[in-house]
Amino acid sequence: MSMARANDVVCGNQLVSADPLPFARSYQLEALEAALKQNTIVYLETGSGKTLIAIMLLRSYAYLLRKPSPYIAVFLVPTVVLVTQQGDALMMQTDLKVGTYWGEMGVDFWDAATWKRQVDGHEVLVMTPAILLSALRHNFLQIDMIKVIIFDECHNARGKHPYASIMMEFYHRQLTRESAQLPRIFGMTASPIKSKGPSTPDSYWRKIHDLENLMHSKVYTCDSEAVLAEYIPFSNPKLKIYKHVDIPSTLSKSLAHDMERLKEKHECSITKSTLSDKSAASAKRRLSKLYSAFLFCLSEMGVWLAFKAAEFLSQQETDFFSWGELDVCAQTIVRDFSSDASKVFSACLPSGPHWSIGGDIQANTDAGYLSSKVHCLVESLLEYRNLKDLRCIIFVERIITAIVLRSLLNELLPKLSGWRTECTAGHASVVQSQSRKIQNKIVEEFRKGVVNIIVATSILEEGLDVQSCNLVIRFDPSATVCSYIQSRGRARMQNSDFLLMVKSGDESTLARMQNFMASGEMMRQESLRHASEPCSPLVDEMYDEPCYKVESTGAIITLSSSVSLLYFYCSRLPSDGYFKSYPRCVIDKESRTCTLQLPKSCPLQRIITVQGNSTKILRQLACLEACKELHRVGALTDNLVPDIVEEEAINKELECQIHTVEESKYFPPEFVSHFGNETEAVYYCYLVELQHETYDDFQLHGIILAVRTKLKCDDEILAFDLDVDRRRRVQVQLKYSKVVTLTSEEIRRCQRFQVSVFKILLDRDLSKLQDALAAGQSPIGSAVSDYLLLPSVGKSSEINWKCVNSLLFPSQVLGDKHMDWCSTQDRKRSVNTKTGVVCSCLLENSLVFTPHNGNIYCITGFLDNLDCNSLLNVRTGESITYREYYKKRQGIELCFEEPLLSGKRISKVHNYLQRNRTQKAKDSTDSSVQLPPELCFVIMSPISISTLYTYSYVPSIMHRIESLVMASHLNSMLLNDCKLNVFIPTAMVLEAVTTRKCLEKFHLESLETLGDAFLKYAVSTQLFKTHENHHEGLLCVKKSKIISNAALCKLGCARKIPGFIRNEAFTLQAWIIPGDSSQVHSFNEELMTSSDKMYSRIKQKIRSKRVADVVEALIGAYLSSGGEVAALSLMKWLGMDIDFADAPIQRHFPLNAEKLVNVKYLESLLHYKFHDPSLLVEALTHGSYMLPEIPRCYQRLEFLGDAVLDYVVTAHLYFKYPGLSPGLITDLRSASVNNECYAQCAIKASLHKHILHASPDLQRQICNTIEDFKNPVSTFGWEAETTFPKVLADVIESLAGAIFVDSGFNQDTTFQCIRPLLEPLVTPQTLKPHPVRELSELCDQKGYVKKKDVVSRENGVAYITVEIDADGVTHKSTCSGRDKIMAKKVACKNVLKSLKECSYNA
């Protein structure tokens, strides 16, 4: 297909018209016109505005890209730094939606859905080419959906560069197809040639033509440099010839000899160390690289700069330098080598305050402290000292050169010129690249003039825009034409210079530089001369290389991409610190065959053998064949990504979606009704009986709860306790009594009574009571809180109507009113009050209000022996009469000499559901007061103090009853939907929906622990049975997909569980007084099922984890009361269909187990006879053991055994110790089911002797562990003070898994066989808190100050110092361990011991 034909199809035969910017230059418009006609490579100088041409091209295509168009444009840049720069330029100059992408964003793990969202949300995607190549290969993006691809710095398109792979694997493959829709290709470069530079015009053309053919594009350039010179300045290239002078021979040889001896010394240290072979080899390689770097600095830059290099590399990790993956011990040895090297170099330098490297540069050069090359650089810079506002870039080849030159220039130049120097560098092996943030900061300071000189590697050659540069120096000569042109182009200012430092007599370098200086014009002329020649068909091995394509998706693996894909797949297989999962290839050059074996955890276990004519591609052929097979067995998806990556992407997306949910908070429908105007109503009455556990001053009587609908509660009697304080409790029982019919007037009086009582108790404010009583009725039909709380006659179920009718406030006339029991009717005893003259019977057992102080009192009787003339003892000690007291203190003149009243102030109502309530200092309201009747306004009569005392508990009682009724509704809904005929106590369901934040005596933690263990066990068993070929890593991801917090939250929300969750402590302010129209509240009706409804008043926000916890707790509740069948039914109702049917596992592993492990001994140890001994071999095989006859390692069995042991141990503890306080079962489980416990059990049973592995590191750690493990006190808890290899714990779990499978998935058999290994099991009596937690809680309780832990590492050992300031006394401990977790635990134990001893001695 011709280029014109290809690009005609691209645009769908639509004419793309140019959309130029008004400030575009003439050559930019010409280039745009060329790019609209055909694929184009724009070859223009750095700074000539190539990006602007690309922007105008995208503007011209914009109408094809705007959403909802399915098409996109892609802007490719070679480095991550340029992604942001070009993305910002596009957003500035276009209105297109731009997305930017680089590797650190995790794009390697994106799935098709994630990429689709990017395409749907963006019109231009700016990215590095490897990302596009990967997306195309996996068919997440397709070449025909891209309208334009822009290749920035397109000269990189050669060999196996992603630019070249994109063109060859996708563009050129489609080029021959008639119906292909191919994107417009637009390349940008300052040099179409990247090589060292041809010598003849014809060779220049061949290189350019190769690029044109690969890019299927023609080069556009200006006719001459003069065209560009009208718009952009060009730097003046200058050769700076320096005479090389070797450092003095004696000094050079002496230092070289010392360095050699130093290297040998530290290599010997590595050999003698306890490092693994792999770590030792890595350390020796690092040592050799540093040795070479120091000798290079010595010969090229002199002793002083070699000293600076060694000094720098002996430091801890810096922005530039990282010890990478070296073992801590190896880091120390290698760093010591650098430190010793710095001492060797320092010994050769003058010392004293009068010497400095900049004192006499020539003398220091002659002495060898600086090289002649460095001397030339300094002199060259000083020639520009008079230049105002210098901006100079010095290009070097090595990062270490950049680092030490910065040190030198910052030592010299600030004194001579005030210039500041920084350095920036890209990727390297020994030293690390700077972060993008630091690089950008340096460049920004350079633009502003804060930094004058940047010493840089090639990172500043490509694309980075530094327009203020007026001097460029090539300290090391450019290696390629492209490097020369790009570094020259960094000098953007008018009359800037480009200095090329060349050693005198180096004719080869001089000739190359002169060739480079002429190359620009030669490339331009050759491009113009062949401008009319079409591109030639691409001929390349990669174009016709073998590949594998998935027909359903179009995803493709080529021969060249197969190796990286296979290694990526293996990297996602399970591994540990003792082996890495990677394929093993063996090439037989004689037979020209390659044998490939995949890791044990891979589902493809057959050995792959391929033959080929060329040994160069044998490994690739084997990897390609392995990828094909992996796809056929499902280990690679149809998009040719590892199955685990796709599963992880789904999990991650779900977790990102759900953090917090906002759902309705339900309210029982029995306590809500629609307000109407009925003349009478039927109420179901329940008697609430209250009983003090111990003697109390006041007698409690019953309360009648009257509701319009019978309570939905399976328990005939609801019983619970209220905590008055730590010593006193009130026992509460609720039981059904009878049905009553009340008239509308009776209902109105009942409501006014209860509103008055609760307003007085809660607010103690008469004005609020008046507002509540004056409030209008709710609108007809509105849903309101509607139930009655009435006093009973004693403890009977009869309503105390006398008490209900006791409300006299606000305006009832009391003149002749008497109580039925009044004995003074014949001889009336009148009393003067604020209400008027009343009979004394109305004041006994009444509530009164005293306006002078705003208080409400409960009157218990008359004090006949006291009146206003009686003496009152005040706090000052003086004695005055009541009359004098009120006159003096209140300004009130008492008029009547009547007996005083005995009263008590209304006590404050509390939340009696809160756990660990403490009785504060005795409330002043508990004491009696004496009141003159004439100061009292009667509110209610008769009402006893016992009634008020009883009613003070009612808000807490009603909150608990509401909660129990809600739990009963949820329980009923679950049982009905699950079709279960079992009894689940309502109280247990309430416990399951109550979180710790409620601050009550019970919460969900115990049930959650049980439910979590069963859920993990059930799902793990199902997955193990269902996916026989899945490795442990994939099983774990699939398990997480089902039981993660996000997944459980989603299931819970779908079943409306959040509405039942109690996640806040009860507050009296939030309690709704039934019948109080002054409280603004309205209920919304929500249908749960076709027959059930709930009411909600507010929305509550709950974290997803909290919802997940409740789901697990409900499973635990059903498991605890109804068994596994009930729990599984509940899980099925939630959406987790777990089938425990005993489907036999098909195993075909013919091996002689006795030859590999001691079967008889192990069976006697486990008290179990294996039907399939291959399970025993599998359970003891570590991943490092790669014998072909053993098809699997223990990881799958470990996955299963971990879940089984967790469940059976948790269930054992839960049912053996019923009634444990919330949280204690969790602590017991944590102390029993952990790697430390299992590892100690494995050592105690000598199981380490039977593990099949091939890891020297593992063997060494096991031996060290055995040495440390002497006389263990127990195998549970936190007593161990050494870190155990996790493999030891894994073996306990894998053996449990093996027994579980072999016994037909019998959990009881598994526990019986493994339990002897775990004995003695933890008990509540033997449980000790974790030292870290215990110390933290002690500090919180006592108010001790815990200082920040001090952490350090030395020779592979972690050191942690824990320090506590306990009331001015310091308690400190420093401990070591193989990991900081263990070190911290031991340090905390020591500090706790010190604190306890100190407390005991005190």
Side-chain angles (χ1 to χ4, degrees), residues 756 759-760 763-771 773-774 805-907 924-945 948:
S756 299
K759 278 291 183 182
I760 289 168
D763 297 333
R764 293 184 288 179
D765 185 333
L766 207 61
S767 62
K768 290 185 177 180
L769 172 60
Q770 189 165 357
D771 293 341
L773 294 175
N805 295 326
S806 65
L807 181 63
L808 306 176
F809 180 81
S811 58
Q812 191 166 344
V813 177
L814 304 179
D816 296 324
K817 188 173 177 65
H818 296 271
M819 296 296 113
D820 294 341
W821 48 264
C822 181
S823 61
T824 62
Q825 291 184 41
D826 298 331
R827 45 186 183 81
K828 181 177 179 182
R829 180 181 174 185
S830 299
V831 181
N832 290 280
T833 69
K834 284 283 185 182
T835 314
V837 179
V838 299
C839 178
S840 60
C841 68
L842 286 177
L843 285 172
E844 294 184 21
N845 290 325
S846 66
L847 271 179
V848 300
F849 170 66
T850 52
H852 70 275
N853 59 9
N855 288 336
I856 299 175
Y857 299 92
C858 184
I859 303 302
T860 57
F862 283 88
L863 299 169
D864 292 329
N865 59 335
L866 295 177
D867 61 20
C868 62
N869 295 318
S870 301
L871 290 178
L872 168 67
N873 294 320
V874 294
R875 291 178 184 175
T876 58
E878 63 176 318
S879 295
I880 60 174
T881 65
Y882 283 92
R883 187 190 302 275
E884 292 169 340
Y885 172 82
Y886 280 102
K887 175 72 174 177
K888 184 177 180 181
R889 297 292 179 87
Q890 305 289 344
I892 297 174
E893 188 76 49
L894 295 181
C895 302
F896 304 99
E897 296 182 4
E898 297 175 331
L900 300 182
L901 300 173
S902 175
K904 284 182 177 289
R905 284 183 58 182
I906 301 298
S907 299
S924 61
T925 59
D926 291 340
S927 56
S928 297
V929 295
Q930 300 82 42
L931 297 171
E934 61 189 281
L935 301 183
C936 300
F937 186 97
V938 184
I939 304 171
M940 299 181 75
S941 181
I943 185 167
S944 68
I945 193 165
L948 292 172

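If you read the sequence from its start, that first residue is 1, and numbering goes on from there.
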task = Could you tell me whether the side chain of Ile760 reaches within less than 4.5 Å of the side chain of Leu847, counting heavy atoms only?
result = yes
ask   = Does the side chain to side chain contact (heavy atoms under 4.5 Å, CB included) test come out yes or no for Phe862 and Glu844, once each step is laid out?
value = CA-CA 7 Å; Phe862 283 88; Glu844 294 184 21; 3.8 Å; yes
ask   = With a 4.5 Å heavy-atom cut-off, do Ile943 and Asn845 have their side chains touching?
value = no
query = Tell me, do Leu843 and Val848 make a side-chain contact under 4.5 Å, heavy atoms counted?
reply = yes
inquiry  = Would the distance check show the side chain of Thr835 and the main-chain N or O of Val938 forming a donor-acceptor pair, the cut-off being under 3.5 Å?
reply    = yes
note = The side-chain contact (heavy atoms from CB on, under 4.5 Å) partners of Ser902 (sequence neighbours excluded) come to Thr860, Leu863
ask   = Quick one: are Leu901 and Cys936 in side-chain contact, heavy atoms under 4.5 Å?
value = yes
task = With side chain to side chain contact (heavy atoms under 4.5 Å, CB included) as the test, would you mind laying out the steps for Ser756 and Leu773 before giving the verdict?
result = CA-CA 8 Å; Ser756 299; Leu773 294 175; 3.7 Å; yes
From Ile939 atom CD1 to Leu769 atom CG, the distance as rounded to the nearest 0.5 Å = 7.0 Å
message = Between Ser941 (side chain only) and Leu842 (backbone N and O only), is there a donor and an acceptor less than 3.5 Å apart?
response = yes
query = Is the side chain of Arg905 donor-acceptor paired with the backbone N or O of Asn855 at a distance under 3.5 Å, no angle test?
reply = no
ask   = At what distance, to the nearest 0.5 angstrom, does CG of Leu807 lie from CG of Asn805?
value = 9.5 Å
request  = Not counting sequence neighbours, list each pair that qualifies as a salt bridge (charged side-chain N to carboxylate O under 4.0 Å, His left out) and has a residue in residues 927-942.
outcome  = none
query = Got Leu931 and Tyr857 here, is their nearest side-chain heavy-atom distance under 4.5 Å?
reply = yes
ask   = Roughly how far apart are Phe896 CZ and Asn832 CG, rounded to 0.5 Å?
value = 3.5 Å
inquiry  = For Leu871 and Ile880: C-alpha separation, side-chain torsions, deciding distance, then whether side chain to side chain contact (heavy atoms under 4.5 Å, CB included) applies.
reply    = CA-CA 5 Å; Leu871 290 178; Ile880 60 174; 5.9 Å; no
note = SG (Cys858) and CG (Leu948) are apart, to the nearest 0.5 Å, by 5.0 Å
ask   = Does the Arg883 side chain pair with the main chain of Asn869, one donor and one acceptor, at a distance under 3.5 Å?
value = no
task = Mind checking ring pair (Phe, Tyr, Trp, His ring centres under 6.0 Å) for Tyr886 and listing every partner two or more places apart, or none if nothing turns up?
result = His852
message = Using the salt bridge (charged side-chain N to carboxylate O under 4.0 Å, His left out) criterion, which residues pair with Lys834? Sequence neighbours excluded.
response = none
Glu884: side-chain hydrogen bond (donor to acceptor under 3.5 Å, both in side chains) partners, not counting sequence neighbours = Thr881
inquiry  = Run the side-chain hydrogen bond (donor to acceptor under 3.5 Å, both in side chains) test against Gln890 and tell me which residues pass, sequence neighbours left out.
reply    = none
key: Rounded distance (nearest 0.5 Å) linking atom CE of Met940 with atom CZ of Phe849   = 15.5 Å
remark   = Closest non-hydrogen contact found for Tyr882 with Asp867 is CD1-O, 3.7 Å
ask   = Does Ser767 offer a backbone N or O that forms a donor-acceptor pair with the side chain of Asp765 under 3.5 Å?
value = yes
note = In terms of heavy-atom contacts, Arg764 and Ile906 come closest through NH1-O, 3.1 Å
key: Smallest separation among heavy atoms of Pro942 and Ser806, with atom names   = O-CB, 3.2 Å
note = When every non-hydrogen atom of Ser830 is compared with those of Glu898, the smallest separation belongs to O-OE2, 4.1 Å
query = For Cys868 and Glu897, which heavy atoms make the closest approach, and how far apart are they?
reply = SG-CG, 3.8 Å
